[in-house]
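Input: a single structure, listed below in structure tokens.
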Amino acid sequence: MARPFKLRRRVDIRKLDVPEDIVAVEQALEKVGYYEPPVFGTGRSAPWELDNAIRQLQTDRGLKPDGVIEPDGP
């Protein structure tokens with residue numbers, strides 16, 4: 001099971017404000033099998049890949065699949 005992590009602000013693909021929070025979400029989703037980091041180059045994945053991973057996790061957990069993760073949310 002993945003360990004909980006703290007976000008500074010909400011993670012919303014439409015507003016990628018806090019890079020540290022985005023990385024934390026990517027790493028957590030990778031650990032639970034919902035996200036695969038890019039294997040080429042040094043760039044980050046496309047925003048829709050992370051959005052899809054967040055929405056799939058939300059759907060599988062019975063949450064509203066809105067692609068948003070709140071700092072103190074489920």
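Since we're looking at a predicted model, the values are computed, not measured.
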SB check Asp72 Arg10 (cutoff 4.0 Å) =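 Salt bridge: no.
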Which value, rounded to the nearest 0.5 Å, describes the distance between [X] atom [atom1] and [Y] atom [atom2]?
X     : Y     : atom1 : atom2 : answer
Asp12 : Glu70 : CG    : CD    : 8.5 Å
Asn52 : Leu57 : CG    : CG    : 12.5 Å
Arg8  : Glu20 : CZ    : CD    : 4.5 Å
Ile54 : Ile69 : CD1   : CD1   : 4.0 Å
Glu30 : Tyr35 : CD    : OH    : 8.0 Å

Any idea which heavy atoms bring Thr59 and Pro65 closest together, and the distance?
->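 Closest approach of Thr59 to Pro65: OG1-CB, 3.3 Å.
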Compare every heavy atom of Leu7 with every heavy atom of Pro71, then report the nearest pair and how far apart it is.
->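 Reported closest heavy-atom pair: CB-O, 3.6 Å.
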Val68 reachable from Leu50 in the ILVMFWY side-chain graph, under 4.5 Å edges |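 Hydrophobic grouping puts Leu50 apart from Val68.
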Pairs where residues 56-65 contributes a residue and the test salt bridge (Lys or Arg N to Asp or Glu O under 4.0 Å) is met, not counting sequence neighbours =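 Listed by first then second residue: nothing to list.
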With Gln27, which residues qualify under side chain to side chain donor-acceptor pair (under 3.5 Å), at least two apart?
->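 Scan of Gln27 (side chain to side chain donor-acceptor pair (under 3.5 Å), adjacent residues dropped) gives none.
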By side chain to side chain donor-acceptor pair (under 3.5 Å) - contacts of Asp66 (at least two apart) =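 Result, side chain to side chain donor-acceptor pair (under 3.5 Å) vs Asp66: Gln58.
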